[in-house]
Amino acid sequence: MPGFPLEGGCLCGAVRYRMNGEYEGCAHCHCRMCQKATGAPVVTWFTVKEDDFDIVKGALKFRQSSEHAERGFCPDCGTQILFRYLKDRGRSADIAAATLDDPDAVEPSFQIHVGSRVGWMHGFDAALPVRKGALER
Ligand SMILES: [Zn+2]
Ligand SMILES: [Zn+2]
């Protein structure tokens, strides 16, 4: 486990955050709202106490995504960074693990909403062959 603080941010760099304490859990979420909000088939979230989490550059824009929850994203580039139940405001929030500067600093231990898991994601964490993407050199 790397030391604290851990830092992360959005794609364009306008929003940066710092995490000063241990996370409480980390999970792959396959729900349709995460899929739509990010354009990705799965989003990996880790949970932090809001006392241990600070936005240190820029500001998130918040949008209520259901009657229960809101999502915070970079207003410039749209990167989805934070998910929070309205009832947990000020207490805890989920942070998108891939926005960490070092995503390996956290490790998912379970997955949720598998009922809407995309068919071709079955076994995605098994040993899939690695191929270079078109934009890799
Ligand atoms: Zn951005
Ligand atoms: Zn979700």
Side-chain angles (χ1 to χ4, degrees):
M1 184 75 202
F4 294 100
L6 296 176
E7 298 193 0
C10 66
L11 175 62
C12 78
V15 177
R16 296 284 303 166
Y17 64 82
R18 186 172 296 145
M19 173 187 161
N20 299 301
E22 189 62 77
Y23 64 101
E24 299 185 326
C26 184
H28 298 308
C29 183
H30 299 271
C31 85
R32 285 297 289 152
M33 287 187 285
C34 283
Q35 291 170 354
K36 285 285 192 180
T38 62
V42 62
V43 181
T44 305
W45 299 101
F46 60 90
T47 304
V48 293
K49 291 190 190 77
E50 288 201 32
D51 284 347
D52 292 333
F53 181 84
D54 294 306
I55 298 292
V56 294
K57 183 183 173 200
L60 293 172
K61 181 174 181 183
F62 282 89
R63 184 176 190 283
Q64 195 173 329
S65 52
S66 75
E67 66 177 300
H68 304 294
E70 61 189 356
R71 291 166 185 270
F73 55 94
C74 172
D76 288 341
C77 71
T79 297
Q80 188 94 187
I81 290 180
L82 186 149
F83 171 93
R84 172 167 66 193
Y85 289 104
L86 302 180
K87 65 179 174 56
D88 290 335
R89 263 191 192 149
R91 290 200 294 270
S92 70
D94 294 338
I95 307 302
T99 63
L100 283 167
D101 293 342
D102 176 12
D104 280 319
V106 297
E107 183 154 7
S109 57
F110 61 105
Q111 45 189 327
I112 58 177
H113 295 295
V114 293
S116 47
R117 180 167 51 195
V118 177
W120 38 260
M121 291 299 285
H122 282 285
F124 79 98
D125 54 355
L128 293 174
V130 176
R131 293 185 190 163
K132 278 191 182 267
L135 298 178
E136 285 181 81
R137 290 162 207 233

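Both counts, for ligands and for their atoms, begin at 1 and track the order of listing. As the structure is a computational prediction, the values presented were derived from the model and not from experiment.
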Strictly under 2.8 Å, is the Zn ion (ligand 2) approached by any N, O or S atom of His113?
no
If you stand at the Zn ion (ligand 1) and look out to SG of Cys12 and SG of Cys77, what angle do those two lines make, to 10°?
110°
Are the side chain of Gln35 and the backbone of Ser116 linked by a donor-acceptor contact shorter than 3.5 Å?
yes
Salt bridge Glu70-Arg84, side-chain N to carboxylate O under 4.0 Å:
yes
Output yes if His30 passes the N/O/S-under-2.8 Å test against the Zn ion (ligand 2); output no otherwise.
no
State, to the nearest 10 degrees, the angle whose vertex is the Zn ion (ligand 1) and whose arms point to SG of Cys74 and SG of Cys10.
110°
Is atom CD of Glu50 surrounded by more than 12 heavy atoms (other residues, nucleotides or ligands) closer than 6.0 Å?
yes
Please check if the side chain of Tyr23 supplies one atom and the backbone of Trp45 the other of a donor-acceptor pair under 3.5 Å.
no
